[in-house]
Amino acid sequence: MATLQRVIVDTSVLVAGLRSRRGTAFRLLSEIGRTSFEIALSVPLVLEYEDVLLRHAEDVGLAADDIDALLDYFCRVGHLQRIFFLWRPLLPDPKDDLVLEVAVAAECKAVVTYNVRHFAGTEQFGIQVSEPGPFLRDIGVLK
């Protein structure tokens with residue numbers, strides 16, 4: 001059985017995908033838990049997801065219970081990674097550093113984000129940074 005490519009989904013993609021069902025971010029979120037790729041998570045990253053989604057709950061049209069259910073699903077289907085080594089500070093935003101730490105520890109192939117320039121420097125860890133559309137094309141989900 002082949003191992004799925006492991007990736008991190010940044011909060012920018014999470015919010016965009018929940019705001020609209022028309023874009024590539026929604027398509028990427030729809031693939032979570034299927035056979036295209038596997039998401040990596042850590043406790044700090046899940047807490048960051050929760051914080052961001054609760055702040056944008058009205059924008060994304062979700063109640064707090066819906067957000068909890070979504071995050072529970074991510075935790076069920078995702079790869080839960082413990083972090084033993086912090087790479088901080090490496091990136092300009094400390095919240096991006098916590099994404100990088102999960103990506104490195106979980107041996108992720110990519111960080112999927114709309115804030116590509118925020119992750120300059122991740123290439124030294126062999127981690128690609130990509131927007132949802134190019135990422136989905138690279139793995140064969142989109143043509």
Side-chain angles (χ1 to χ4, degrees), residues 3-83 85-143:
T3 303
L4 293 177
Q5 177 175 229
R6 195 172 287 157
V7 303
I8 301 289
V9 176
D10 188 35
T11 56
S12 63
V13 173
L14 185 59
V15 171
L18 293 173
R19 278 189 176 149
S20 172
R21 293 177 175 246
R22 295 182 183 207
T24 55
F26 179 77
R27 179 64 192 271
L28 182 127
L29 295 181
S30 299
E31 291 293 321
I32 293 175
R34 295 187 180 173
T35 59
S36 304
F37 59 90
E38 177 182 46
I39 60 169
L41 303 165
S42 67
V43 171
L45 183 59
V46 172
L47 292 173
E48 177 65 11
Y49 282 174
E50 181 182 46
D51 178 55
V52 168
L53 290 176
L54 288 173
R55 280 189 279 128
H56 293 281
E58 190 174 319
D59 295 339
V60 299
L62 294 177
D65 288 346
D66 298 325
I67 292 168
D68 287 343
L70 177 66
L71 296 177
D72 287 347
Y73 174 73
F74 285 177
C75 290
R76 268 195 318 277
V77 301
H79 170 81
L80 304 176
Q81 181 66 50
R82 287 185 170 176
I83 308 298
F85 188 83
L86 301 181
W87 293 96
R88 299 172 194 206
L90 182 71
L91 303 174
D93 183 344
K95 291 182 180 180
D96 292 335
D97 278 329
L98 77 86
V99 170
L100 175 63
E101 289 161 358
V102 180
V104 171
E107 298 179 349
C108 290
K109 297 293 183 193
V111 173
V112 185
T113 182
Y114 282 115
N115 300 318
V116 172
R117 71 180 188 282
H118 291 189
F119 290 91
T122 59
E123 62 279 350
Q124 67 185 304
F125 298 99
I127 299 168
Q128 299 172 341
V129 180
S130 181
E131 290 187 356
F135 172 74
L136 290 173
R137 280 189 288 284
D138 288 347
I139 64 170
V141 172
L142 293 179
K143 294 183 181 201

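Note that the structure is predicted; figures quoted are calculated from it, not measured. Reckoned from all heavy atoms, side chains included, excluding hydrogens, waters and symmetry mates.
- For the pair Ser12 (side chain) and Tyr114 (backbone), a donor-acceptor distance under 3.5 Å is present.
- The number of heavy atoms from other shown groups lying within 6.0 Å of CD (Glu58) does not exceed 12.
- Rounding to the nearest 0.5 Å gives a distance of 8.5 Å between NE2 of His79 and CD of Glu107.
- Side chain of Arg6 to backbone of Ala106: a donor-acceptor contact under 3.5 angstrom is found.
- At a threshold of 4.5 Å between non-hydrogen side-chain atoms, the residues Phe37 and Val112 do not count as touching.
- Between the CG atom of Leu91 and the OG1 atom of Thr122 there is a distance of 7.5 Å, given to the nearest 0.5 Å.
- A heavy-atom distance below 4.5 Å is found between the side chains of Val60 and Val15.
- Between Tyr73 and Gly33 the shortest heavy-atom distance is OH-CA, 3.4 Å.
- Counted within 6.0 Å of CZ on Arg55, heavy atoms from surrounding residues, nucleotides or ligands total more than 12; the atom is thus considered enclosed.
- Side-chain atoms of Thr24 do not come within 3.5 Å of backbone N or O of Pro132 as any donor-acceptor pair.
- The number of heavy-atom neighbours closer than 6.0 Å to CD of Gln5, taken from other residues, nucleotides and ligands shown, is above 12.
- For the pair Glu31 (side chain) and Leu28 (backbone), a donor-acceptor distance under 3.5 Å is absent.
- Taking CG from Leu70 and CG from Leu14, the interatomic distance works out to 6.5 Å, rounded to the nearest 0.5 Å.
- Residues Ala103 and Ile8 share a closest heavy-atom pair of CB-CG1, 3.8 Å.
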